[in-house]
Amino acid sequence: MKIAVLPGDGIGTEIVAEAVKVLRVLDLKLEMETALVGGAAYEAQGHPLPESTLALAQAADAVLFGAVGDWKYDKLERALRPEQAILGLRKHLGLFANFRPALCYEQLTHASSLKPELVAGLDILIIRELTGDIYFGLPRGRRKAVDGHFPGADEAFDTMRYSRPEVERIAHVAFQAARQRSKKVTSVDKANVLETFQFWKDIVTEVHAQYPDVELEHMYVDNAAMQLVRAPKKFDVVVTGNMFGDILSDEAAMLTGSIGMLPSASLDANNKGLYEPSHGSAPDIAGQGLANPLATILSASMMLRFSLQQPAAADRIESAVKAVLSLGLRTADIWSEGTTKVGTRAMGDAVVAAITGKTITKS
Ligand code: IPM
Ligand code: MG
């Protein structure tokens, strides 16, 4: 099993190192090869997604990704910005189905910004369409306005669009995922205003006819944003488009205590996938050993489960994460009174120790 390891920028290198460390103690035959991506690749090779990196990702069975981006690249032309690396990988690898589970660990109920009773036991799965919508729709650009409120003025525009097959395939993914869970799907749209999302809603409804055992509810995105902080446990599987999914998944992440806890999987039609934490490169804390590596470690576990068919190894990682949380070990983002603050490396070491059965001390 070949894994392309792409740490990227900022805290990416620190957190991926911990996930790699965890993968190595599992006694699996994993071949891991590392390559540059994002700002790091731009510096060294002049492009955020060099051809060699893309080729490595294409040849691998799965990709383990850290994070990309740094404010210092904000002035670069868009095609050279670090974010283009992750968008390019999603597009070139056809990773249209993004799974972002938001799970509130019992031990972290008090780390959430919501009241504990609202989030205790929370377990929702956001399925975000990842290769369509306004993110990739053409045309886009800048021009002189010919109509609108200010004809003749400079304007910028993007195109929101979805084709029937794109909506159908993500709807199938959502209904199938729901069958493995509580058999409930909430499809989030903005059909009251946008043609693209009336189309989305119509197609999701059509596909639903093939899944009579699954309950389907439709919700406007503004209401969904509100319900997520009002009664998040009412949701189970949430399926939505690329942009709404981007926003709602960050919101859902905070319900769990910290975005530093949230893994993600981005899959193609054959379950080949890219696995990355849902958070970004956090340049403000990069290089200081402060970042929480658990989202990346849990992403590695999703990789074992979804792409590499190693469910037992995935279970071992997940149990180990729960064990270190039960021991009271916390990185700064999830720390609270009475728990032990640890850095990135100590957290990774603790997960390794929990897997290998060595005792971990709290110091
Ligand atoms: C995410 C990120 C990306 C996105 C950025 C880095 C391009 O926010 O994975 O959610 O917008 O999809
Ligand atoms: Mg995002």
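Heads up: numbering here begins at 1 and tracks the sequence. Atoms within a ligand are numbered from 1 in the order they appear, just like the ligands themselves.
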Exercise. With 2.8 Å as the limit, jot down which protein N, O or S atoms are around the Mg ion (ligand 2).
Key: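 For the Mg ion (ligand 2), the protein N, O and S atoms that sit under 2.8 Å away are Asp246 OD1.
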Quiz item: Name the residues with a heavy atom less than 4.0 Å from ligand 1?
Solution: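 Contacting ligand 1 under 4.0 Å are Glu83, Arg90, Arg100, Arg128, Tyr135, Asp246.
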Is [X] salt-bridged to [Y], going by a charged N under 4.0 Å from an acidic O?
X	Y	result
Asp236	Lys183	no
Lys190	Asp222	yes
Arg81	Asp74	no

Quiz prompt | Those residues that, when tested against Arg142, pass side-chain contact (heavy atoms from CB on, under 4.5 Å) (two or more places apart) | solution =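 Per chain and number, Arg142 pairs via side-chain contact (heavy atoms from CB on, under 4.5 Å) with Ala156.
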Under 3.5 Å donor-acceptor pairs involving side-chain atoms of residues 49-68, not counting sequence neighbours:
{"unit_1": "Ser52", "atom_1": "OG", "unit_2": "Gln45", "atom_2": "NE2", "d": "3.4"}
{"unit_1": "Thr53", "atom_1": "OG1", "unit_2": "Leu36", "atom_2": "O", "d": "2.7"}
{"unit_1": "Asp61", "atom_1": "OD2", "unit_2": "Lys2", "atom_2": "N", "d": "2.7"}

Self-check item: Pair Asp154-Lys144, salt bridge (charged side-chain N to carboxylate O under 4.0 Å, His left out): steps then yes or no
Solution: CA-CA 5 Å; Asp154 290 338; Lys144 288 272 180 239; 2.5 Å; yes
Quiz item: Heavy-atom distance under 4.5 Å between the side chains of Leu216 and Ser187, does that happen here?
Solution: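 They are in contact (side-chain heavy atoms under 4.5 Å apart), so the answer is yes.
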Quiz item: If you draw a 6.0 Å radius around CZ in Arg169, do more than 12 non-hydrogen atoms from other residues or ligands fall strictly inside?
Solution: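 Yes, the 6.0 Å shell around CZ holds more than 12 heavy atoms from other groups.
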Quiz item: Can you find a side-chain donor-acceptor pair between Tyr135 and Asp246 that sits under 3.5 Å?
Solution: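 Side-chain D/A pair, Tyr135 to Asp246: present.
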